[in-house]
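For reference, the structure discussed in these notes is given below.
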Number of protein chains: 2
Amino acid sequence: MDLIRIYQCFCDRTRLRILHLLARSPLCVCHFQDILGEPQVKVSKHLSYLRSRGMVTATRHQNWMIYSLPNKRSRELEANLKCLQDCVQSDSMFARDLRKLARLCQNCCEPASVFATNKRL
Amino acid sequence: MDLIRIYQCFCDRTRLRILHLLARSPLCVCHFQDILGEPQVKVSKHLSYLRSRGMVTATRHQNWMIYSLPNKRSRELEANLKCLQDCVQSDSMFARDLRKLARLCQNCCEPASVFATNKRL
DNA sequence: TGACTATATTCCTATTTGGGAATATAGATT
DNA sequence: AATCTATATTCCCAAATAGGAATATAGTCA
């Protein structure tokens, strides 16, 4: 994963919010739709952009595609994800995203079992 | 200086090399031409891109435009410049840029007085 | 099978980006 | 004034990006 590619992935607000959320938990497309308040096509396209550049991985689970950060991460990616956490501390939008994520998890179940049922999450 | 804008500035290789060099020393356009081996128009345009986004400042000194990182830097910019230094440690191109910069400084004079003369640097 | 759900893709458009050739500009030097 | 030097800008063009509307696909469920 080369450095430029990381910055290219980071340089759009929607993608940055997605990555910031994925640093907390694997999520499916509809989670992003809910949390970001963006239309499906937009979310889906940014995820596919990130995926094509190796920035996220995806696995299907029944009807849902579960997106995660890759297990093996380069030093550069680690460093930049950490830096992002730092930078985002005082930003209200990113904070709101995290609050919404927390609420979602409350509403359904534990992160680990989020995808264990085929009901609308 | 907002976060997205930082990543937009960082997401081109030439700009990244420029910023990496500027983290060491203020430089003029012909320095960049020499070190990066890129044509004047390319260097100049990327500098003007960076400048228009507040990522660098420029002052004229006789015939030369001296580019620097801004004196006052946001937490985000500081963090990302630091992260960049980290990430770039093992990259041969960035290392080579620094060696060329060192050689340039040897050839002319101290950083502080680099621009004190109107001879070709 | 047929309907439903979650997601991806295609087609379209507008905007931005990156780069080169040529030209313009501003200050220095003669 | 004429020239030179360093730099910026303009005019191109090709490619990438971002986004929406509409449609396709894959899995699920009745």
Side-chain angles (χ1 to χ4, degrees), chain A residues 4-19 21-22 26-53 55-68 104 108 114-121, chain B residues 4-19 21-22 26-53 55-68 104 108 114-121:
Chain A
I4 300 295
R5 194 169 287 198
I6 292 176
Y7 291 126
Q8 285 168 346
C9 287
F10 276 41
C11 78
D12 173 273
R13 186 167 299 274
T14 303
R15 287 200 292 270
L16 208 53
R17 292 170 76 190
I18 287 176
L19 292 169
L21 287 166
L22 285 181
L27 291 166
C28 72
V29 181
C30 57
H31 283 138
F32 292 118
Q33 287 179 245
D34 286 355
I35 297 174
L36 306 180
E38 300 283 4
Q40 185 261 325
V41 62
K42 185 167 171 181
V43 169
S44 198
K45 276 190 187 172
H46 279 299
L47 285 168
S48 116
Y49 180 103
L50 292 171
R51 195 180 179 185
S52 73
R53 281 157 184 80
M55 183 63 86
V56 302
T57 61
T59 61
R60 178 177 280 280
H61 187 279
Q62 298 172 352
N63 264 345
W64 298 285
M65 291 297 291
I66 316 297
Y67 285 88
S68 321
L104 267 192
C108 50
V114 161
F115 306 109
T117 162
N118 198 9
K119 304 276 165 49
R120 184 69 164 82
L121 301 178
Chain B
I4 299 295
R5 194 169 285 198
I6 293 176
Y7 291 127
Q8 285 169 345
C9 288
F10 276 41
C11 77
D12 173 274
R13 186 167 299 274
T14 303
R15 287 199 293 270
L16 209 51
R17 293 171 75 191
I18 288 176
L19 292 169
L21 287 167
L22 285 182
L27 291 167
C28 73
V29 180
C30 57
H31 283 137
F32 291 119
Q33 287 178 245
D34 286 354
I35 296 174
L36 307 181
E38 300 283 3
Q40 185 260 326
V41 61
K42 184 167 171 179
V43 169
S44 200
K45 276 190 189 171
H46 279 299
L47 284 168
S48 116
Y49 180 103
L50 292 171
R51 195 180 179 186
S52 73
R53 281 157 183 79
M55 182 62 86
V56 303
T57 61
T59 61
R60 178 176 280 281
H61 187 278
Q62 298 172 350
N63 264 345
W64 297 285
M65 290 297 291
I66 317 296
Y67 284 88
S68 321
L104 268 192
C108 51
V114 162
F115 306 108
T117 163
N118 198 10
K119 303 278 163 51
R120 183 70 162 84
L121 299 179

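Side-chain atoms are counted along with the backbone in the values below, which use heavy atoms only and exclude waters and symmetry mates. A, B, ... follow the sequence lines: proteins, then strands. Residue 1 opens every chain.
Taking the side chain of A:Q62 as heavy atoms from C-beta on, and the options D:dG27, C:dA8, D:dT5, the nearest nucleotide is D:dG27.
Across the protein-nucleic acid pair, B:I66 atom CD1 and D:dA6 atom C1' stand 10 Å apart, rounded to whole Å. Note: CZ (A:R60) to P (C:dA8) measures 8 Å, nearest angstrom. In this structure, A:Q33 places its CD atom 13 Å from P of C:dT5, rounding to the nearest Å. Atom C1' of nucleotide D:dT7 and atom NE2 of B:H61 are separated by 16 Å, given to the nearest angstrom. To the nearest angstrom, C1' of C:dA6 lies 15 Å from CG of A:L27. Going from atom CG of B:L36 over to atom P of D:dT7 covers 13 Å, rounded to whole Å. For the pair B:R17 CZ and C:dG18 P, the interatomic distance rounds to 15 Å; values are reported in whole Å. Atoms CG (B:N63) and P (C:dT29) sit 8 Å apart, rounded to a whole Å.
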Report task. Walk me through it: do A:L104 and A:L27 pass the test side chain to side chain contact (heavy atoms under 4.5 Å, CB included)? Result -> CA-CA 11 Å; A:L104 267 192; A:L27 291 166; 5.6 Å; no

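Partners of B:R51 by side-chain hydrogen bond (donor to acceptor under 3.5 Å, both in side chains), not counting sequence neighbours: none found. Partners of B:R13 by side-chain hydrogen bond (donor to acceptor under 3.5 Å, both in side chains), not counting sequence neighbours, listed by chain and number: A:D2. With sequence neighbours left out, A:F32 forms a ring pair (Phe, Tyr, Trp, His ring centres under 6.0 Å) with no residue at all. In this view, A:F10 and B:Y7 satisfy the ring pair (Phe, Tyr, Trp, His ring centres under 6.0 Å) rule, not counting sequence neighbours.
B:S48 OG to B:M65 CE: the interatomic distance, rounded to the nearest 0.5 Å, is 10.5 Å.
Within the 4.0 Å cut-off from OP1 or OP2 of D:dT7, not a single side-chain nitrogen or oxygen of B:S44 is found.
Residue contacts for A:F32: at a heavy-atom cut-off of 4.0 Å it reaches no nucleic acid atom on any strand shown.
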Which pairs, protein N/O on one side and nucleotides 13-20 of chain D N/O on the other, fall under 3.5 Å?
| residue | atom | partner | partner atom | Å |
| --- | --- | --- | --- | --- |
| D:dT17 | OP1 | A:Y49 | OH | 3.4 |
| D:dT17 | OP2 | A:R53 | NH2 | 3.4 |
| D:dA18 | OP1 | A:R15 | NH2 | 3.3 |
| D:dA18 | OP2 | A:R15 | NH1 | 2.8 |
| D:dG19 | OP1 | A:K42 | NZ | 3.2 |
| D:dG19 | OP2 | A:H46 | NE2 | 2.7 |
| D:dG19 | N7 | A:K45 | NZ | 3.3 |
| D:dG20 | O6 | A:K45 | NZ | 2.1 |

Determine all donor-acceptor pairs shorter than 3.5 Å in which one atom belongs to a side chain in residues 40-47 of chain A; sequence neighbours excluded.
| residue | atom | partner | partner atom | Å |
| --- | --- | --- | --- | --- |
| A:K42 | NZ | A:E38 | OE1 | 3.2 |
| A:K42 | NZ | A:E38 | OE2 | 3.4 |
| A:H46 | ND1 | A:R15 | NH1 | 3.2 |

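Remark: the A:Q40 side chain and the C:dA6 base include no donor-acceptor N/O pair separated by less than 3.5 Å.
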